[in-house]
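Each chain gets a letter, A, B and so on, in the order its sequence line appears, and its residues count up from 1. Only a predicted model underlies this, so the values are computations on that prediction, with no experimental measurement involved.
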Amino acid sequence: MTRESLLVLRDLQTWYGESHILHGVSLDVAEGEVVTLLGRNGAGKTTTLKSIMGLARHRRGSVAFGGQETVHLSPNRIARMGIAFCPEERGIFSSLNVRENLTLPPVIRDGGMSLDEVYDLFPILLERGGSVGTKLSGGEQQMLAIARILRTGAKFLLLDEPTEGLAPVIVEQIGRIINVLKERGYTILLVEQNFRFASTVADRHYVVEHGRIVDEVSGNAVSSNREKLEAYLGV
Amino acid sequence: MSTNEMSKTLGPDGGGGALVVGWKANRWWIAGLIVLAVAPFLVYPIFLAKILCFALFAIAFNLLLGYVGLLSFGHAAFFGMAAYISGHVMKEWGVTPEVAILIATASMAVLGVVFGMIAIRRQGIYFAMVTLALSQMVYFLALQSEFTHGEDGIQGIPRGAFLGLVSLESSLSIYYFVAGVFVLGFLFVYRVIHSPFGQVLKSVRENEARATSLGYDTDRYKLLAFTLSATLAGLAGATKVLVFQLASLTDVTWQMSGEVVLMTLLGGVGTILGPVVGAGIVVSMHNLLAEIGSVTTIVQGLIFILCVLVFRRGVVGEVSAWLRRRRSTKKHPRAG
């Protein structure tokens, strides 16, 4: 199956002030694929997502999205191209209630989910509509953080550790949601530390170490590469 | 007056921001309008008009600090310059008051865009210092240029007649004119805060990076908010000139910029009624303490310290937090 690459990173280097974080990341994500970035704390996974989004300003190399170079664009321009970012800290606005949080992001193009579709996928959000966004439980906040970027029409999602610190039942639920999104044609680049979870949702995995991609494992080869992956991720 | 103001603290947003539609919400609007209508028969109208002008000024300031999180330390520039401009066009050109207010307010919109473009590039203390520096330039202009008459200011400004028909010379008529301007300004800010635009502003205040990555050009939102705030501060200054028939250097000093910060914090930053209450308190305090002269600033300072230490959310912020607590403790025993 050959599919056109939607996102192409070539030799992406990123700095936070003086410290050099990414030392040349190259990867491809095809349309409709779910790809994870695996790696230890501090390996540069989150930085990779932030660099794609333009939130890490000091970056060099090439980030092409849909054939267009974005490395010089500001985050809001990149968001308008159809990339949506769900940060690890979720970024729920505490001064807005759940419904306002959901409707805050601008609709950038057709093809996003309607509010009803979002509620179908996340019924809990309809129930909690009037509550303050940050008064939800961790799992509910994570749902809200994912749900609100589905309305915008962005088809490329960057999810940063969506399962971190959540109960196994909720993790399962998020796994189901990611699979639903995949069926609907969303492309997802996911950061994960939990590769057991990652292996249930992703087509491919990249292993990040010291700001570089050091390995690539396809989804169905995870079990045969289990020892190698554990060596990468073990502390 | 403070009791009148207090009764308004329980107004539309006092209950915690939920927009209740229908009679229950309108009840507070109607109560507020009745208070505004009856007040001049109980309290000296010019004093009330002064409070309303400062309340409008504080509302304008609060739009920026409370809803975008930008602390401007130069809002006196807009307040004072608008006062000069409307005073000048009234006295020298002989235009009617509403035209003078429009000219002054529009000029402040332009000045707001210019200052905003420079200031919003920085946040926090740098933003405050840039606005202070810009407003000090305006102060210098006011001191030196001819049309402001330097130390003398513009004196004996006629109040004129509203639309050329209704004379504003009497205390009551000027009060109702000011109250009308105030209500329009208040409604405008209320609409802005509760619009989708207002929600984007709140999201910028809370987490600018997140708002950007959702696709908002946050600088444009900040500039627009700054401009709106400057324009409304100008509206307040232009209106104040009609009440006192005087435009003076006091209105452009940095102390005036500080005063509006004090009003907003005292009343409750980020609440719609907070600035109104704060303006009421500060202006009343000035009046009460006028006889003891320079001690006023000491008392004002002590009150500010007390406010920051004891009720950091301001009067309105504390009252609405208290109401919310009471409501939730009322609810829970029944549910549980």
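Between atom CG of residue D217(B) and atom CG of residue N76(A) there is a gap of 4.5 Å, rounded to the nearest 0.5 Å. K202(B) contributes atom NZ, which lies 6.0 Å from atom OG of S95(A) (distance to the nearest 0.5 angstrom).
By the 6.0 Å contact criterion, CZ on R10(A) is enclosed, its count of non-hydrogen atoms from other residues, nucleotides or ligands being greater than 12. Heavy atoms from other residues, nucleotides or ligands lying under 6.0 Å from OH of Y16(A) number more than 12.
Scanning residues 105-124 of chain A against chain B with a 4.5 Å heavy-atom cutoff picks out P105(A), P106(A), ordered by number. Residues of residues 135-167 of chain A that come within less than 4.5 angstrom of chain B, heavy atom to heavy atom, are R148(A), I149(A) in numerical order.
Between chain A and the options T218(B), N207(B), L214(B), V200(B), heavy-atom pairs under 4.5 Å are most frequent for L214(B).
Looking at S74(A), neither its backbone nor its side chain comes within 4.5 Å of chain B, counting heavy atoms on both sides.
When all heavy atoms are compared, the tightest approach of S213(B) to A79(A) is O-CB, 3.4 Å. Residue R210(B) comes nearest to F85(A) through the heavy atom pair NH2-O, 2.6 Å, listed as atom of the first residue, atom of the second, then distance.
Put simply, the side chain of Q199(B) never gets that close to the backbone of L96(A): no donor and acceptor are under 3.5 Å apart.
When side chains are defined from C-beta on, R205(B) does not count as touching F93(A), because their heavy atoms never get closer than 4.5 Å.
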